[in-house]
Peer 1: 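I have a structure I would like to understand better, so I am pasting it below and will then ask my questions one at a time.
Index from 1, following the sequence.
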Amino acid sequence: MSSGEGQRTALEPALELLKTVYDAWEELSQGWPLACGPGCVACCTDRVFLTGLEGALLLSGLEERLAARLESQAVSPGIRPRSTFNQRARLYQAGREPPPELEPAGAAGVCPLLGEDGLCPAYPWRPLACRVMVSRRACRSGGAAWQEPFWVELASALFMVVEHLAWGVGGVWARAGLLPEVMAAVRGREGQGLLPCEPLAGIPAPAEHQARLQECLGRLFARPVRGRPLGWWLDELRRRRARAG
Ligand code: SF4
């Protein structure tokens, strides 16, 4: 089997694992006092960061004309993230600082996917970044969103798990960046400004959130996918990557 075929074979279970992480977020965040609702688009900006694996899922639910329009959008280099979640975790563990993010001039633009009706045309397939962008405070008419610190910790942990899944597949699916550039890459075009995904490097948490985070991650890792718990799959992806060299 060629490496391209091998990656495609690995993509299908990885998409199931990804959907399981998305479902876990829905379950774990149930009951949170959110101010968000339909037509509330303040967080639909041009800063949506995702992995190629998530891009593959998004593409599966997107009309061709929208996918083509999305990938043709120019991205200002000044808004590209400079490191991934697992890269940052690994650097912090080594006592090093990640590269500082650039300070984009001006306010964020609107997500190129957002419809004129104020709705997302790919809502069921949207990436994790769109799912975890929730707020306790109503911000649709202005003002800043506000999240409980624990929500941010849990979201960061899930970003790390999703990055690990993407890394496990390899190829263009193991690249991360902003929406138009990831979509160009998963559609077979040269993806500019993308970062390589890395495997989990441990999930850091401040002491006050450790017990709750462990409980949430325990529920996530125990979720069954194809007859095995999700945590088993995370190890299996490491074994597969090691075998592939
Ligand atoms: S992909 Fe959809 S949910 Fe995410 S920012 Fe764009 S319009 Fe909003």
Side-chain angles (χ1 to χ4, degrees), residues 11 15 18-19 21-22 25-26 34-85 101-135 138-145 147 155-156 158-159 162-163 165-166 169 171-197:
L11 182 61
L15 289 173
L18 175 63
K19 286 187 244 178
V21 177
Y22 289 171
W25 170 262
E26 299 302 325
L34 304 183
C36 314
C40 176
V41 296
C43 59
C44 289
T45 73
D46 59 355
R47 312 285 156 89
V48 175
F49 181 75
L50 72 163
T51 61
L53 176 64
E54 294 173 278
L57 183 64
L58 183 62
L59 191 59
S60 72
L62 210 52
E63 283 179 39
E64 167 57 28
R65 70 183 170 87
L66 290 176
R69 196 183 74 193
L70 190 53
E71 75 163 78
S72 68
Q73 296 285 318
V75 169
S76 160
I79 65 171
R80 285 181 184 140
R82 301 185 68 201
S83 58
T84 68
F85 282 83
E101 296 297 331
L102 301 173
E103 295 277 332
V110 175
C111 174
L113 208 48
L114 187 65
E116 286 175 8
D117 55 2
L119 298 175
C120 174
Y123 194 76
W125 302 276
R126 70 200 187 286
L128 184 65
C130 308
R131 295 168 192 265
V132 302
M133 191 54 77
V134 291
S135 177
C139 55
R140 68 175 73 193
S141 326
Q147 299 192 322
S156 298
L158 297 197
F159 275 118
V162 167
E163 184 179 339
L165 299 178
V169 184
V172 292
W173 300 289
R175 299 264 178 256
L178 296 179
L179 194 49
E181 294 178 331
V182 168
M183 291 311 281
V186 296
R187 282 165 55 84
R189 283 185 43 198
E190 186 64 31
Q192 302 280 316
L194 299 181
L195 299 163
C197 292

Peer 1: Identify the heavy atoms of Ala155 and Leu128 that sit nearest to each other, and give their distance.
Peer 2: O-CD2, 4.4 Å

Peer 1: Nearest heavy-atom pair of Leu178 and Leu50: which atoms, and what distance?
Peer 2: C-CD2, 4.1 Å

Peer 1: How far apart are the C-alpha atoms of Gln147 and Val134, what are their side-chain angles, what is the distance that settles it, and do they pass the side-chain contact (heavy atoms from CB on, under 4.5 Å) test?
Peer 2: CA-CA 7 Å; Gln147 299 192 322; Val134 291; 3.7 Å; yes

Peer 1: Using a 3.5 Å distance criterion without hydrogens, assess whether the side chain of Glu101 forms a donor-acceptor pair with backbone atoms of Arg82.
Peer 2: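 Checked: pair present.
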
Peer 1: Work out which heavy atom in Pro121 is nearest to a heavy atom in Leu113; give both atom names and the distance.
Peer 2: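 Smallest heavy-atom distance, with atoms named: CD-O, 3.0 Å.
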
Peer 1: Give, for atom CG of Leu165 and atom CG of Leu11, the distance between the pair rounded to the nearest 0.5 Å.
Peer 2: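 CG of Leu11 is found 11.5 Å from CG of Leu165.
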
Peer 1: Under 3.5 Å, is there a donor-acceptor pair between the side chain of Glu181 and the main chain of Leu194?
Peer 2: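 Absent.
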
Peer 1: Quick one: pull up SG in Cys130 and CG in Leu114 and give me the separation to the nearest 0.5 Å.
Peer 2: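 Output value for this atom pair is 10.5 Å.
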
Peer 1: Spell out, as yes or no, whether a donor-acceptor pair under 3.5 Å connects the side chain of Arg126 to the backbone of Tyr123.
Peer 2: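 Flag set: sc Arg126 to bb Tyr123 pair under 3.5 Å.
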
Peer 1: Let's go through Leu18 and Tyr22 carefully: what are the C-alpha distance in whole Å and the side-chain angles of both, what is the deciding distance for side-chain contact (heavy atoms from CB on, under 4.5 Å) to 0.1 Å, and is it a yes or a no?
Peer 2: CA-CA 6 Å; Leu18 175 63; Tyr22 289 171; 3.7 Å; yes

Peer 1: Determine whether a donor-acceptor pair (N or O, by modelled atom type, separation under 3.5 Å) exists between the side chain of Glu163 and the backbone of Thr51.
Peer 2: no

Peer 1: What heavy-atom pair brings Ala174 and Ala166 nearest, and what distance separates the two atoms?
Peer 2: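 Closest approach of Ala174 to Ala166, heavy atoms only: CB-O, 3.3 Å.
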
Peer 1: Quick one: are Val182 and Val172 in side-chain contact, heavy atoms under 4.5 Å?
Peer 2: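 Val182 vs Val172: side chains apart.
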
Peer 1: Look up atom SG in Cys111 and atom CG in Leu70, then write down how far apart they are to the nearest 0.5 Å.
Peer 2: 7.0 Å

Peer 1: Mind telling me whether Phe85 and Phe49 have parallel, tilted or perpendicular rings, with 30° and 60° as the class edges?
Peer 2: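 Judged by the thresholds at 30° and 60°, the geometry between Phe49 and Phe85 is tilted.
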
Peer 1: Rounded to the nearest 0.5 Å, what's the gap from CD1 on Ile79 to CG on Leu102? Could you check?
Peer 2: 10.5 Å

Peer 1: Start with the C-alpha gap between Asp46 and Leu179, add the side-chain angles, then the distance that decides, and say whether side-chain contact (heavy atoms from CB on, under 4.5 Å) holds.
Peer 2: CA-CA 8 Å; Asp46 59 355; Leu179 194 49; over 6 Å; no

Peer 1: If only atom types and distance count, is the side chain of Gln192 paired as donor or acceptor with the main-chain N or O of Val75 below 3.5 Å?
Peer 2: no

Peer 1: Under the side-chain hydrogen bond (donor to acceptor under 3.5 Å, both in side chains) test, which residues partner Arg187, sequence neighbours left out?
Peer 2: Glu64, Glu71

Peer 1: Which heavy-atom pair separates Ala176 from Cys197 by the least distance, and what is that distance?
Peer 2: CB-SG, 4.0 Å

Peer 1: So which heavy atom on Arg131 is nearest to which on Trp125, and how close?
Peer 2: NH2-C, 3.9 Å

